[in-house]
There are 2 protein chains.
Amino acid sequence: MAFTDRSRPARDAILAAARRRFADEGYDRATVRAIAGDAGVDPSMVIRYFGSKRELFTAAAEFDLRLPDLTRVPRADVGRTLAEHLLLRWGSDDALAIMLRGAVTDDAAAERTREIFAGQLLPVVAALTGDPAGAPERAGLVATQALGAVLCRYVLRLPPVVALPDAELVGWLGPTLQRYLVGER
Amino acid sequence: MAFTDRSRPARDAILAAARRRFADEGYDRATVRAIAGDAGVDPSMVIRYFGSKRELFTAAAEFDLRLPDLTRVPRADVGRTLAEHLLLRWGSDDALAIMLRGAVTDDAAAERTREIFAGQLLPVVAALTGDPAGAPERAGLVATQALGAVLCRYVLRLPPVVALPDAELVGWLGPTLQRYLVGER
DNA sequence: CGCAGTTGCCAACGCCCGTTGGCATACGAT
DNA sequence: ATCGTATGCCAACGGGCGTTGGCAACTGCG
């Protein structure tokens, strides 16, 4: 069975609703029925169009972090540039919340997170550093600080971290990322 | 209804099994039935002794991070000391995994995390810094790095972060925490 | 026009969940 | 020894879940 353009609005609505629900509630709590309700669609259509709840999640968790090419910014600014990008772009988007909430809940989603890490963050770091052997380690360190910040700010909502203005947070995190990216070992 | 010492072994077994399950699977996936099975007990006993699944979680998530008194270590070593404590103590324990997995899944658990943050980490930081107004901000920053490291290492299991030896990880994270704790703003 | 195939809706299935109530059994205070 | 009560087990409940199959309505191609 194939799908025609006629069902595009429905499929798009389902995907949008799924992203919102998965981001807000995580994999387990976001129910197919609720997603269908948000999308104004029957639950059975969700299964028809996406196969299963898990496949729907996979489709919803497909995203491009669009990391900047750090080789094109002055070497002294790479930490700040990355921090800005992570907090401003990822913060406003649901992408990272989906990723975190899903990854913590679901093993398949955790695997997906590792893929995104290996496929998107690691290459950027590897291209930047003159230390190819140390690239995975450096990328991992960057992840600890970047994901930790997103976690505390957008998922746990720790009050002082939420209250901190973007610029100030970038001011703190930038040097940390700078050191992890290109600092001495 | 009160409980006698006779049921202590059962209650302890339930609590231990709950900690393991909540840490491994998060709040939603850890079922009362599975916990009871692990503890060698009927599911109904879990409810009888703890009231409900949520109350069981609350009991299981009750823990003391036993943060060191940083005012008793040389000021230059506070970052490294804290990093060591977080990774070595929290890493070997299930406590933080319960906290993270629960907090991401469940609103009540997220609130609990905020309480632990405010009740245990913040005072340590406040006692340390000469900058009382900046203490919450500094504690928040420490949380981003510390929880991020635990997240990447023990929950997401990012390979490079898992592979990094404890000592080396402490070597990277120590200076970061040092700057957040007592560095210039 | 006729027909194959997509769409949408409805009802239902089977499953597992947290939770409850009842009923023997074993204890411990009196 | 007796009795109140805590313990343990069993069976069941109501409910929500993901998923399935069938059936009407509509579409677009020949």
Side-chain angles (χ1 to χ4, degrees), chain A residues 1-61 98 101-102 105-109 112, chain B residues 1-61 98 101-102 105-109 112:
Chain A
M1 166 138 86
F3 304 125
T4 71
D5 282 345
R6 191 148 52 94
S7 61
R8 268 302 290 272
R11 299 207 308 281
D12 289 349
I14 291 169
L15 209 50
R19 274 195 238 270
R20 241 176 296 123
R21 287 279 178 177
F22 283 136
D24 289 347
E25 311 176 0
Y27 181 84
D28 285 324
R29 303 229 168 154
T31 68
V32 170
R33 288 169 144 92
I35 291 168
D38 291 352
V41 151
D42 190 86
S44 64
M45 304 307 291
V46 174
I47 302 298
R48 229 208 299 242
Y49 287 136
F50 291 90
S52 68
K53 183 185 182 182
R54 172 142 318 186
E55 290 172 89
L56 172 61
F57 177 84
T58 301
I98 296 181
R101 281 216 148 90
T105 308
D106 189 80
D107 275 347
R112 186 142 208 86
Chain B
M1 162 140 87
F3 305 123
T4 70
D5 282 344
R6 189 149 53 95
S7 60
R8 268 303 288 271
R11 299 208 308 280
D12 289 349
I14 291 169
L15 209 49
R19 275 195 237 269
R20 241 176 296 122
R21 287 278 178 176
F22 284 136
D24 288 348
E25 310 177 359
Y27 182 84
D28 284 323
R29 302 230 168 154
T31 69
V32 171
R33 288 169 144 92
I35 291 168
D38 291 352
V41 152
D42 191 85
S44 64
M45 303 308 290
V46 174
I47 301 299
R48 198 152 26 190
Y49 287 137
F50 292 90
S52 67
K53 183 184 182 181
R54 172 142 320 187
E55 289 172 90
L56 172 61
F57 178 85
T58 301
I98 296 181
R101 282 217 146 89
T105 308
D106 191 80
D107 276 347
R112 186 141 206 87

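Each chain gets a letter, A, B and so on, in the order the sequences are listed, and its residues count up from 1. Values reported hereafter were calculated over all heavy atoms of this structure, with side chains retained and with hydrogens, waters and symmetry mates removed.
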Spatial distance of atom CG (B/D38) from atom CZ (B/R33) [nearest 0.5 Å]: 14.5 Å

B/R19 side, atom CZ; B/D24 side, atom CG - distance, nearest 0.5 Å: 13.5 Å

Aromatic ring pairing A/F22/A/Y27, orientation class (parallel under 30°, perpendicular over 60°, tilted between): parallel

Covered region of DNA chain D, 5' end to 3' end, by chain B [heavy atoms, under 4.0 Å]: D/dA6 to D/dA12

Whole-Å distance separating the CZ atom of A/R8 from the C1' atom of C/dT7: 16 Å

Atom pair distance, as rounded to whole Å: CZ in B/R6 and C1' in C/dA29: 13 Å

Residue pair B/L56, B/I47: steps toward the side chain to side chain contact (heavy atoms under 4.5 Å, CB included) verdict: CA-CA 8 Å; B/L56 172 61; B/I47 301 299; over 6 Å; no

Sorted by number, the residues of residues 32-55 of chain B with heavy-atom contact under 4.0 Å to DNA chain D: B/R33, B/D42, B/S44, B/M45, B/R48, B/Y49

Backbone N/O of A/A34 and side chain of A/T31: donor-acceptor pair under 3.5 Å: yes

Pairs satisfying side-chain hydrogen bond (donor to acceptor under 3.5 Å, both in side chains), at least one member in residues 51-61 of chain B, at least two apart: B/S52-B/E55, B/R54-B/D106

Spacing between B/D5 atom CG and C/dG28 atom P, to the nearest angstrom: 10 Å

Spacing of B/F57 atom CZ and B/I35 atom CD1 [to the nearest 0.5 Å]: 10.5 Å

